[in-house]
Amino acid sequence: MFSRPTIDDIPYELLNEVLKLSIPNEKRGISYKFETSRTALRLVSRRWNSVIIQNPRLWNYVSLKIQSMPKDGCIDNETQRRHVLRLNQIRAAAHRSGKIPRVLHLNLATASAYTDEFERKILRGTVDFQIFPVGGATSHSKAWPALRRVLIDYRLEIDQGEGDTRGSNPPLVFLFMSTERFPSLRSVTLALDLWTLPMCQLPWGQLTKLNLSAIQGPFSEYVHILAQCGFLESLCILVETLGHNFAASDASSISTVTLPKLKTLNLALKDTSDIIHSFLAKIKLPSLTALSVKECPRVIHPQDRLMLGIAHLVKQSNCNILHLDIKLMLDVSVEELDEHCLAYLVKASPSLKTLKFGAAHVKGMFFAKIYDQPLSNLRSITIFSNYDDEKIKNLAAEAFVNWVKHWVQGNKGSRLEDGDKGKIPPFKATYHAERDGYVPKNFPPSLEDEKAKLQGEGWDVTLKKTRRYSNPFYKFRQVRYA
């Protein structure tokens, strides 16, 4: 009599693949779920536990979260015991990962909890990947040749009502990772609210990916660091100063830096900074193919328009953008100059594949300036407009539909092979109008008819309208620019 197969009867090779797909990995984005998912699967059976332990790729993500200490700064034996246990678990994971590339995620204590005792008892315990030596590298600092990616999160936590605590001195620690000790390091993510970049001594010259967020300015320090990043391919910067003043720099004293290999630049601006004159005007990116700039409400550039800075960057870099994504403030009306700059960016990018542009009160004037551009590689165009004037909405929608008709007429057969005649090339066009606080009216029947005609021919064209429920504090405002 044959017994029914059990979950442990799955062939080893198949089980290994199932486990790798079940645990979040680097391609899907690193998170705390990596370790929790791995632990849950280890508890299924002894065989599953054995398979997981023997697979190095299920142990290459190392996470260390150091919790906030008591307000009196005292670290008792129980606190130290828990951290020692955690460090032992990390060492075991590092051993099981073998020699494959590893990822280290450090989530450190807040500044209010940082004390000499904390450093001595806790940070000094991370000897296997010691990156916080006081006074620089020490003779007992050990190497971690397999570490490929590191994420360090060191945020200041401010309780509601406490006000600004940034006036206090930041902790006298710095990040030290040398080329000799970390030869495989290629990707670094730093979320360091209390630190400045000079406090971080990293092997900048070997990095290919760099994410920086919430680090205090000025941008001259960013440019100085980038001058050392000759192999950088991807750069992401989040300006998030939590309501504090972002230190400004003297733009005239900053030398222009060229990053010959940088292909992707993502900028997210959540607060005011000197990014236009001290950063965008001081870098050249000849290999840039993907540019994303997103500007949140209430960001003010007192001396210039952000779109001018973006246009200047593309012009001086002489690059060919393939993917362009720009989202301006939704509480300040876009000006003709902004749309003129957008037209320039499109015309300077003849191989453009995707275009996304969002702003308040988009009038669609830039469409008239790009009629002479074939844009035969374009796969997707999305225009988003936050508005409170129906005339502006319809004006932009009409310009959008007319341009789409023009593009379709010139490109409907340009990307088709001989055997694909009669098919529609991949292309998606979306105009999304969102009204602040009121139910938007329908688009004019003539535009709906034109859209329906294009859809009837097989083209993916959308006219979308929604209502935005926003805080009255963020209603449209006008900003004076010097």
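Hydrogens, waters and symmetry mates are skipped; everything else that's a heavy atom, side chains included, is used.
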Practice prompt. Compare all side-chain heavy atoms of Pro440 with those of Arg467 and state whether any distance is below 4.5 angstrom.
Written response: yes
Item to complete: I would like to know whether Thr382 and Leu355 meet side-chain contact (heavy atoms from CB on, under 4.5 Å); could you show each step before the answer?
Response: CA-CA 6 Å; Thr382 302; Leu355 171 61; over 6 Å; no
Practice prompt. Working to the nearest 0.5 Å, report the span between CD1 of Ile275 and CD1 of Ile310.
Written response: 8.5 Å
Discussion item. Trp204 vs Val188, test: side-chain contact (heavy atoms from CB on, under 4.5 Å). Steps then yes/no.
Written reply: CA-CA 9 Å; Trp204 305 109; Val188 171; 5.6 Å; no
Worksheet item: CG of Leu202 to CZ of Phe182: how many Å apart, nearest 0.5 Å?
Response: 9.5 Å
Fill in: side chain to side chain contact (heavy atoms under 4.5 Å, CB included) involving Leu395 - partner list, sequence neighbours excluded
Lys363
Item to complete: Tell me, please, which residues at least two apart from Asp389 pass salt bridge (charged side-chain N to carboxylate O under 4.0 Å, His left out).
Response: none
Practice prompt. State the CG-OG distance between Leu288 and Ser317, to the nearest 0.5 angstrom.
Written response: 6.5 Å
Fill in: Within-4.5 Å side-chain heavy-atom neighbours: Ser187 and Val150
no
Response to the item:
Paired with Leu265, the side chain to side chain contact (heavy atoms under 4.5 Å, CB included) test is passed by just one of Thr289, Leu235, Val293, namely Leu235
Worksheet item: Which value, rounded to the nearest 0.5 Å, describes the distance between Lys327 atom NZ and Cys296 atom SG?
Response: 7.5 Å
Worksheet item: Quick one: do Asp388 and Arg435 make a salt bridge, cutoff under 4.0 Å?
Response: no
Worksheet item: Considering all heavy atoms of both residues, which atom of Gly205 and which atom of Phe231 are nearest to each other, and what is their separation?
Response: O-CD1, 3.1 Å
Response to the item:
Note: Ser278 and Val223 closest approach over all heavy atoms is O-CG2, 3.3 Å
Discussion item. Checking Lys315 now: which residues fulfil side chain to side chain contact (heavy atoms under 4.5 Å, CB included) with it, not counting sequence neighbours?
Written reply: Tyr344
Discussion item. Between Leu267 and Lys294, is there a side-chain heavy-atom distance shorter than 4.5 Å?
Written reply: no
Worksheet entry | By side chain to side chain contact (heavy atoms under 4.5 Å, CB included) - contacts of Ala290 (at least two apart) | Thr264, His323
Practice prompt. Answer yes or no: is there a side-chain heavy-atom contact under 4.5 Å between Thr256 and Lys284?
Written response: yes
Worksheet item: Going by the angle between their ring planes, with limits at 30° and 60°, are Phe219 and Phe279 parallel, tilted or perpendicular?
Response: tilted
Discussion item. Is it the case that the side chain of Trp403 and the backbone of Gly364 share a donor-acceptor pair, with hydrogens and angles ignored and the cut-off at 3.5 Å?
Written reply: no
Fill in: Donor-acceptor contact present, side-chain Glu339 to main-chain Met365, <3.5 Å
yes
Worksheet item: Angle class for the His432/Phe384 ring planes (parallel below 30°, perpendicular above 60°, tilted otherwise)?
Response: perpendicular
Fill in: Main-chain N/O of Leu58 paired to Arg38 side chain as donor or acceptor, under 3.5 Å
yes
Practice prompt. Please list, chain by chain and in numerical order, all residues satisfying ring-ring contact (aromatic ring centres under 6.0 Å, His included) with Phe366, sequence neighbours excluded.
Written response: none
Worksheet item: Side-chain contact, heavy-atom cut-off 4.5 Å: Gln228 with Ile225?
Response: yes
Worksheet item: What's the spacing between Cys236 SG and Leu212 CG if we round to 0.5 Å?
Response: 8.5 Å
Worksheet entry | Derivation of the side-chain contact (heavy atoms from CB on, under 4.5 Å) call for Leu342 and Met307 | CA-CA 7 Å; Leu342 177 61; Met307 285 296 292; 3.9 Å; yes
Fill in: salt_bridge(Arg305, Glu335) N-O dist < 4.0 Å
yes
Worksheet item: So, for Leu313 and Ile283, which heavy atoms are closest and what is the spacing to 0.1 Å?
Response: CD1-O, 3.4 Å
Practice prompt. May I have the step-by-step check of side-chain hydrogen bond (donor to acceptor under 3.5 Å, both in side chains) for Gln316 and His312, ending in yes or no?
Written response: CA-CA 6 Å; Gln316 72 176 358; His312 179 78; 3.2 Å; yes
Item to complete: For Ser287, enumerate each residue passing the side chain to side chain contact (heavy atoms under 4.5 Å, CB included) test, keeping only those at least two apart in sequence or located in another chain.
Response: none
Discussion item. Would you say that Val239 contacts Ile237 through its side chain, given a criterion of any heavy-atom pair below 4.5 Å between the two side chains?
Written reply: yes
Discussion item. Quick one, Thr430 with Ile383, criterion side-chain contact (heavy atoms from CB on, under 4.5 Å). Give me CA distance, side-chain angles, the key distance, then yes/no.
Written reply: CA-CA 6 Å; Thr430 302; Ile383 304 300; over 6 Å; no
Worksheet item: Would you say Leu41 and Leu19 make side-chain contact, with heavy atoms under 4.5 Å?
Response: yes
Worksheet item: What is the distance from atom NE2 of His340 to atom CG of Leu345, rounded to the nearest 0.5 Å?
Response: 10.0 Å
Worksheet item: If only atom types and distance count, is the side chain of Trp407 paired as donor or acceptor with the main-chain N or O of Leu375 below 3.5 Å?
Response: yes
Item to complete: Identify the heavy atoms of Ser234 and Leu262 that sit nearest to each other, and give their distance.
Response: N-CD1, 3.5 Å
Worksheet, complete the sentence: Tightest non-hydrogen contact, residues Gln206 and Leu185, listed as NE2-O, 3.1 Å
Fill in: Minimum side-chain heavy-atom gap Ile381-Phe427 below 4.5 Å
yes
Worksheet item: Counting distance only, does the side-chain N/O of Ser385 pair as donor-acceptor with the main-chain N or O of Val362 below 3.5 Å?
Response: yes
Item to complete: Would you mind telling me which of Leu306, Leu238, Leu328 makes a side chain to side chain contact (heavy atoms under 4.5 Å, CB included) with Leu269?
Response: Leu306
Item to complete: Please name the pair of heavy atoms, one in Asn320 and one in Ser349, separated by the smallest distance, quoted to 0.1 Å.
Response: OD1-CA, 3.6 Å
